*Asks:* 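My structure is below; once you've seen it, I'll send some questions.
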Amino acid sequence: MAVVRYQDATRTYPGTKAPAVDKLNLTIDDGEFLVLVGPSGSGKSTALRMLAGLEACDEGSIFIGDRDVTLVQPKDRDVAMVFQSYALYPHMTVAQNMGFPLRQQKVPKEERARQVMEAARILDLVEYLDRKPKQLSGGQRQRVAMGRAIVRHPQVFLMDEPLSNLDAKLRVQTRSELKDLQARLGVTTVYVTHDQVEAMTMGQRVAILDYGVMQQVAEPNTLYRYPANLFVAGFIGSPAMNLLPTTHEGDSVVFGSARVPVDAAVAEQLAKVGPGQLTIGIRPQGLEPGTAGVPAQVVVVEELGSETFVFVEMEHLGQSTRVRVRVDADFRVARGDQLFLKVLGPVHVFGPDGLRLKTPNETGD
Amino acid sequence: MNLTARDRALRGESRWGTAALGIVTWLVAALFFFPVFWMVLNSFKTELVANAKPVLFFEPTLERWQAVTEETRGLLSFSEAFSNSFFIVIVSTLIVLLLAIPAAYALSIYPIKGWRDVLFFFISTKFLPIVAAILPLWIIARDLGLLNTSQVLIILYTAMNLPLAIWMLRSFFGEVPRELIEAAQMDGTGLYGQIKDVMLPIVAPGIAATALLCFIFAWNEFFLAVQLNPVDSSTVPVWVSTNVTTRGNFMAKISAASTLAVLPVVIAGWLAQKRMIRGLSMGAIK
């Protein structure tokens, strides 16, 4: 168990110009479950593989505990990794797979068997110890991969999209099991996923990457309530936040025919930003159909059972613009209906540089 | 597998078309197998029967098998030829594997810049017809004092099979998912452990196939053997050819010698096949 620290860690793949990971600075606390999330090509897997030692760190350093591991080989880093494909050794039984790291450490046979059995008990694999990987289901293979990681009691767990090969139902179930297991073992964990729901539900903190650059690292709630910039605002939350280009008129920003007043601190910043495009961000939950407000035409209705999302088209800055609105499940609406949107908020305003204009009473971040 | 009429309809096959193709396949197979069958049959005949008009039914005898394995003073004997061949072929195949496995591993897992050129260079050594190189080879062998030794054939058979082995093994190694090697690295293995504990067991069927081919090529090689090593320590193909004499056509005896010569290859193939099938069914990674 240890603190993990990336310090200006940069990786540029040979033959490419743009770094895959660009000056990453990130500290992961002892025992923390940190999720690296981002779209494909964001550098999240590269960042993980740099910590594993499978990719070189071209500039900067990586520390595990007090030890600078930048130039240490993967086998000597004392980290365990769970791969997306599980990477189980096909010629070994479950017990041999799980005992393999211990065998490399020259752990005596009886001790090895004892530790494998202990891990198998935790992961409910005892009856499968003599099977080969191909005789197991996807979920069982995933657990074997976990078992191979936990038997050796490493300082850090690395997980590279370990649930993405499971079907949807099993994924949700395994998600909570994994989170529980990590909490019980208390091992520092770095978890990579492209799925923001997985990131939000599993991470104690979530780090968001885009084009190799860290966008924001915070607790899930903070990310949702106070996204640092346009990218985070659009990435976190399902369905996504409505983001519309806008202008301001005094202390208000334009949303269709409405003028939405903003916090005094934001208004102060609005006066300073000068010319350039602003963006207004309102989550589907921040809008409500009412008797008066911005007129809008219903285009698509998505009923989820517990709630309904409605795509509407409204007139905004002289253009027909599509926004998504959350309504209660018993709210009856059909394509072509006319609604009047009321802005409940919160309303986020992003400056021309894409950064969100902050309010003074924010916490976290 | 029994196909229903609807299965066939989906595949665009007709019952009669399938049957006709089956018959053609069997005919072609029989055509290829016939000379081998004829050779084995002839080896159990007496010279008189073997050289007369072909018959299917005759009184089988092991007399020619005995004659061919009899030792004659001053001539290369059956047992000498076989022990020479086994020694030369097995040693050269082992050396090939010893050199080709690391080379193929490096080329497929950690390819250097220009790895394609390296591969092409390996195979280009096979472009030259061996007959064009035989004179320099002979002179070099003579100057090194290697004529009529086992060593010269071991060296040449190793050189002959190495490019092929590297090509084959490289593609087998290439099929092993990279993540398995990375997993082994994370699990604390060094390069040697990755090759020994992870790579080799997985590509074992491929190695068996490669070794089998090297074995067959070296076992059957005649030209180099007869040019560089025709006397004391020569190999089975040379021994078979010694049964061709100027005193007449000993069909039955040559058939017996040839049957003996192909037996090790058939047995090796049969053993390797079992191993290959077991290996291939070992299962996928995901």
Side-chain angles (χ1 to χ4, degrees), chain A residues 14-15 45 48-49 51-55 72-93 96-107 131-138 141-142 144-145 148-149 151-152 154 156-161 164-166, chain B residues 101 105-117 169 171-211 272 274-286:
Chain A
S45 278
L48 187 81
R49 291 168 59 83
L51 178 52
L54 297 170
E55 296 292 345
V72 175
Q73 282 189 41
K75 70 183 174 80
D76 301 321
R77 289 196 181 195
D78 197 16
V79 297
M81 185 155 167
V82 178
F83 292 83
Q84 183 177 2
S85 66
Y86 316 138
L88 301 178
Y89 309 119
H91 56 292
M92 296 184 197
T93 62
Q96 286 167 335
N97 262 288
M98 284 166 60
F100 188 73
L102 298 176
R103 216 176 83 200
Q104 301 308 316
Q105 294 172 354
K106 309 264 186 294
V107 174
R131 297 217 191 150
K132 292 269 176 74
K134 69 158 184 174
Q135 296 165 299
L136 302 176
S137 70
R141 284 179 211 185
Q142 204 278 334
V144 177
R148 193 169 64 183
V151 279
R152 43 188 286 215
V156 185
F157 283 145
L158 308 181
M159 303 192 191
D160 192 358
E161 310 224 7
S164 59
N165 280 344
L166 302 179
Chain B
I101 288 172
Y105 184 86
L107 278 169
S108 71
I109 309 298
Y110 303 106
I112 48 159
K113 213 173 158 186
W115 61 272
R116 284 174 192 280
D117 301 326
L169 288 175
S171 65
F172 286 124
F173 279 131
E175 278 169 30
V176 177
R178 217 197 146 95
E179 289 194 334
L180 276 184
I181 301 163
E182 291 178 346
Q185 280 178 293
M186 301 307 301
D187 285 344
T189 57
L191 180 63
Y192 174 70
Q194 290 157 32
I195 295 183
K196 182 178 75 79
D197 293 332
V198 178
M199 270 297 205
L200 288 191
I202 294 171
V203 296
I207 294 176
T210 310
K274 277 186 143 180
R275 168 131 191 90
M276 277 185 266
I277 290 171
R278 196 176 67 86
L280 291 174
S281 64
M282 212 152 54
I285 310 302
K286 280 190 184 178

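A quick note: this is a predicted structure, and the numbers were derived from the prediction, not measured. By convention in this document, chain letters (A, B, ...) are assigned in the order of the sequence lines, proteins followed by strands, and residues within each chain are numbered from 1.
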*Asks:* With sequence neighbours excluded, what pairs up with Ser171(B) under the side chain to side chain contact (heavy atoms under 4.5 Å, CB included) test?
*Replies:*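 If we apply the side chain to side chain contact (heavy atoms under 4.5 Å, CB included) test to Ser171(B), skipping adjacent residues, there are no hits.
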
*Asks:* If every non-hydrogen atom of Leu180(B) is compared with every non-hydrogen atom of Ala87(A), which pair is closest and at what distance?
*Replies:*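 Smallest interatomic distance, heavy atoms only, reads CD2-O, 3.3 Å.
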
*Asks:* Using the ring pair (Phe, Tyr, Trp, His ring centres under 6.0 Å) rule, collect all pairs that involve residues 178-211 of chain B, keeping only residues at least two apart or in two chains.
*Replies:* none

*Asks:* Would you list the pairs meeting salt bridge (Lys or Arg N to Asp or Glu O under 4.0 Å) in which at least one residue belongs to residues 77-91 of chain A, sequence neighbours left out?
*Replies:*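 Every pair satisfying salt bridge (Lys or Arg N to Asp or Glu O under 4.0 Å) with a residue in residues 77-91 of chain A: Asp78(A)-Arg152(A).
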
*Asks:* Within this structure, what is the CG-NZ distance for the pair Leu191(B) and Lys75(A), rounded to the nearest 0.5 Å?
*Replies:*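 These two atoms lie 10.0 Å from each other.
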
*Asks:* Can you tell me how far CG of Asp197(B) sits from CZ of Arg103(A), rounded to the nearest 0.5 angstrom?
*Replies:* 4.5 Å

*Asks:* Among residues 181-190 of chain B, which ones touch chain A with a heavy-atom distance under 4.5 Å?
*Replies:* Glu182(B), Ala183(B), Ala184(B), Gln185(B), Met186(B), Asp187(B), Gly188(B), Thr189(B), Gly190(B)

